[in-house]
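As a basis for the values below, the full set of heavy atoms in this structure was taken, side chains included, without hydrogen atoms, waters or symmetry mates. Letters A, B, ... mirror the listed sequences (proteins, then strands); counts begin at 1.
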Amino acid sequence: MKKLNGIKLKHRKNTENSETVSMPVPAKIKLPMSMHMGAPCIPLVKTGDMVKVGQKIGDSDASFSVPIHSGISGKVIAVSDYQTAMGTVCKAVEIESDGKGEISEEVKKPFVADKQSFIKAIRESGLCGLGGAGFPTHIKLNPKTPVDTLIINAAECEPYITADYREMLENTEDVLNGIELVKNRLDIKNVKIAVEANKPEAIRKFDELVKDDNTVETVTLPPSYPQGAEKVIIYNSTGRIVKEGQLPSDVGVIVLNISTVAFIYRYIQTGMPLMTRRITVDGNAVDKPKNIFAVIGTPVIDVLDFCKTDIDAVKKIISGGPMMGMSIPDLKMPITKTTNALLAFKAYHEHRISACIRCGRCVNVCPLGLMPAEIDKAYKIKNIDDLKALKVNLCMNCGSCTYVCPANRKLAETNQLAKSLIPRK
Amino acid sequence: MNRLIVSPSPHDKNHMKTPEIMFNVCMALIPAFAVGCYIFGWRSLLLTAVCIGSCVLFEFLCRKVMKRENTIGDLSAVVTGFILALNLPVTLPLWIAVIGSFVAIVIVKQLFGGLGQNFANPAVTARIVLMISFPSAMTHWVSPFYWRNPDAVTSATPLALGEGDELPLYLDLFLGNVGGCMGETCALALLIGGIYLGARKIINLAAPVSFIGSLALFSFIAGDDPLYQILAGGVFLGAFFMATDYATTPITTKGKIVFGLGCGIITFIIRHFGSFPEGVSFSILLMNILTTYIEQITRTKVFGAREAEKNEK
C-alpha cells in the first residue's frame, strides 16, 4: 500500500493528563445560527422570551442543517446580525442567564424504533461533527449507497488538542455504546477505531475492550500530520481511495469523530441535546492549560479567564488547532459546536514572504500529492487550465505546504483562492 | 481591548528558512574548500573570497539598479560565489573570476528574475562562459602541492591525459591529489558535503545517484573505466552541488532521476566521443534547459484524482 505523505509536528499535548473540568454556567451566551455546515437556522425566539436549558432556539426547514439549543435558562436579550469567524453573516441569539438552570420540558428521551427514527432523533439533537468541520451527523448516517465500514476518527492529529483523547479515556463506555448503536441501526459490519500512534494509552485501553468483538478493531495511525483528514484516515485504515467528487459513503465508509459517536449514545439515553462540549484550552498565554466542559455560546474571554489567561498579553487566539484552526478576531465571540480547542498566544510572528526557491518541500509533504509550488505559479498568472490539471480542487487545506515553506509563502491560502477561480459545473 | 492578529491557517511554521538552507549548503562546501586550500595553497582562499565578494556585490548592485528588494540576506549569492570558486582553476586571474561572478549573478540569475527564477545554474553557466572565453586561463592546471614544490607547476586534469601518460591512482583521485579546479578534485570531501545535505534533507540524493550511476554504467558499457570516470573531473561537484540546484532542476523525485540520468548520459557522450575532456558542466546546462519539459512529464500523481474527461474541450 502506498504511503501518503505527512509532516512530523511537535505534538504539544500538554493537557493530555488533565481531567476535564466543568466551567461554571456563564452569565451570558451568544448562539450564532450557523455553527454547522449547511443552511443556517432561523431563530425561534425573540428578544424578551424566556428560555430553558435544552430548549430549541433555532431550526431550519432545510434537511442539510441542524437545530440549535440553549445551554442555559434565562432571558433572550438580543437577536441580531453576527459575523462568524468564517466571515459569513448570520443571526445570533443572546441569552442572559437567570441562574436557575431549569430544564426544558422539550428534553425527553427520544423514541427510536428503526433507522429512520434514529436519524430523525440525531437531527433533533443538534449534532454536527465535533471534530471541527461541523458536518451534520444525521446526513452522514443516512448515506445513499450501502456502507459496510464505520471509521471512528480518533486521530486528533493537530498539536495541542486533547479533547478527543480525554473523551476516549473519560467516556470510554459512551464511545463503545455509541459505536454499538450506530453499528446496529445502520447494519454496519466493520468498525475501525483509528487512533494516532501518539496516544498509546487510548489504543491499549480500546484494544483491551474490543478484543472479544470481532467486528470492532483499533487501527494505529502513523504519528504524522494530517492523519485525521477524512480521505487520509479512510485510506490508512481501509486502503480505500475516495476519488475526486466522491463521498466516503461511495466507497462504503462512514467516518465519525470519536466525541460525536459518544454524544450519540448519551443523547439517545437522556435526550439532552448538544449544548455543552469539551474544549482544550492551551497556548503560551494560558497559565493553566486544561480540558474544560463549556456551554456552547460561552464567550471566548470567559473561557480564557477560567483558565487563568493574561488577557492583555494575548495577541492571537485560534479556535481549533494551529494547523487548520481559525483566528478569532474578537474576545467576545462565543465558542461554537465545532470549537474543539481554544489556543491563546502572547506573540505571533508574521514571517516575511520571499521568492519560491523551488525546493520542492511542499510537493514532498502534500498528503494528496499536489504540487503547491506549481499551483502558486499558475495562480499568479491565472492559468485556469493548469490549475485544473494540477487538481487544486482536491486541496483540503491541511496547511502542510505553508508549514514547511522556507520562503514563508502562503501556499495553502493560495490553493483556496485558486479553487475559487475554477468555475463550478 | 486587545487587537488580535487574524491570519489564515496554518498558524505554525517550520523553522528551516531559505537563509538557513543556503547556509547549510555553504557548510557542506567547506570540506571541499578546505581540501582545495590544502592542495592548491593560499590562493584558493583569495579566489574564493573574490568570487563570493563579487557575487554578493553584484547581487546587491543589480537589485539596487532594478529597484527591487535587497536579497543578499538570503545567502544565495554566497552559495553561487562559493560554488563558482570551486569550479575555477586556482591560478585564474582574479579579474576573470569577477567576470564569472558577473555572468552568474547578473546575467544568469537576476536578469531572469532572481532567486528561483533562473533557468540555468549560475555557477555552471559562468564556468562555461569563462571556459569558452578564456580557454587557456581556464585550463591552466597546477599540480597538487605546487606551492611546496615550485618546479612542478603545470599539470593536466586526469581527464585530459593522453595515451601513454601515467594515470593517477584511484586513491589520489578520491582524496583529490590530482590537478583540476580548486574544489572538484577531492571526491571524498564532496561526498561528505553531499551526504550531509542529504541527511539534513536539504537536497534529494536522487539526482546525484542517478547522475553518477548512469555515468558509471555507460562508461562501463563503452569499455571505459567506470570508477575512473566518476572520480576524475567535476562529477562529484556537479552531481551533489549543481545537479541538485533547486531552481534549475525538476521538482519531483521522478524528475530528478530523469535529470540525473540525462546528465550522466550527456557527460559520458561528451567525454567518450567529444573533443572536450570534460562534459559535466555542459551536461548540467543542457539538462537545465530540458528541465521545464521534464517537469511536464513528471508531475506527481494526485491521490484520488480522476483523469480529465476525454470529451472535455
Side-chain angles (χ1 to χ4, degrees), chain A residues 4 7 9 159 231 235 241-246 311-312 314-318 320 322-331 345 348 350-351 354-360 363-364 366-371 373-374 388-391 394 397 399-400 402-408 410 412-413 416, chain B residues 1-22 24 68-69 71 73-74 76 79 113-118 201-204 206 244-256 291 295-296 298-309 312:
Chain A
L4 298 180
I7 51 176
L9 296 173
K231 284 184 182 181
Y235 181 73
I241 298 173
V242 180
K243 288 233 171 83
E244 193 175 354
Q246 276 186 324
I311 298 287
D312 292 329
V314 173
K315 285 279 174 292
K316 176 146 189 156
I317 300 176
I318 302 164
M323 295 302 287
M324 287 188 78
M326 245 176 314
S327 297
I328 288 188
D330 187 346
L331 284 162
F345 297 97
Y348 183 72
E350 201 51 66
H351 297 273
S354 55
C356 170
I357 55 173
R358 286 173 41 87
C359 63
V363 180
N364 292 335
C366 180
L368 301 183
L370 297 169
M371 302 181 79
E374 297 289 304
K388 272 191 202 162
L390 288 162
K391 297 289 177 195
L394 291 175
N397 201 15
S400 303
T402 308
Y403 178 85
V404 296
C405 182
N408 303 314
K410 295 189 179 288
E413 185 189 9
Q416 310 322 307
Chain B
M1 208 68 195
N2 304 42
R3 284 176 63 85
L4 296 176
I5 299 165
V6 178
S7 58
S9 63
H11 310 284
D12 201 0
K13 292 286 282 171
N14 182 334
H15 300 291
M16 179 74 90
K17 299 294 167 208
T18 304
E20 195 187 333
I21 291 174
M22 297 298 169
N24 272 294
R68 299 280 175 96
E69 192 189 357
T71 50
D74 65 28
S76 62
V79 170
L115 182 62
Q117 302 297 317
N118 46 305
K201 298 217 160 96
I202 287 172
I203 62 169
N204 183 333
T244 56
D245 176 23
Y246 290 152
T248 59
T249 64
I251 209 159
T252 60
T253 303
K254 245 187 302 181
K256 287 179 203 295
T291 292
E295 290 213 302
Q296 277 171 13
T298 55
R299 278 188 173 174
T300 50
K301 195 171 175 301
V302 179
F303 181 77
R306 286 185 197 279
E307 293 304 310
E309 284 148 52
E312 207 175 54

Return the minimal non-hydrogen interatomic distance between [X] and [Y], and the atom names on each side.
| X | Y | result |
| --- | --- | --- |
| A/Ser327 | B/Ser7 | OG-O, 2.9 Å |
| B/Ile251 | A/Arg358 | CG1-O, 4.0 Å |
| A/Lys243 | B/Arg306 | CB-NH2, 3.8 Å |

- Does B/Arg299 reach the side chain of A/Glu374, with side-chain heavy atoms less than 4.5 Å apart? yes
- Message: Are A/His351 and B/Lys17 packed together at the side-chain level, in the sense that at least one heavy-atom pair is separated by less than 4.5 angstrom?
- Response: yes
- Given that the side chain runs from C-beta out, which part of A/Cys366 has a heavy atom under 4.5 Å from chain B: side chain, backbone, both or neither? neither
- Message: Please classify the contact between A/Leu9 and chain B as side chain, backbone, both or neither, with a heavy-atom cut-off of under 4.5 Å.
- Response: neither
Of the backbone (N, CA, C, O) and the side chain (C-beta and beyond), which part of [X] lies under 4.5 Å from a heavy atom of chain A, both, or neither?
| X | result |
| --- | --- |
| B/Pro19 | neither |
| B/Glu295 | side chain |
| B/Ile21 | side chain |
| B/Ile203 | neither |

- Pair B/Lys13 + A/Glu350, salt bridge at N-O below 4.0 Å: no
- Task: Identify which of A/Ile318, A/Leu394, A/Asn397, A/Val363 forms the greatest number of heavy-atom pairs closer than 4.5 Å to chain B.
- Result: A/Ile318
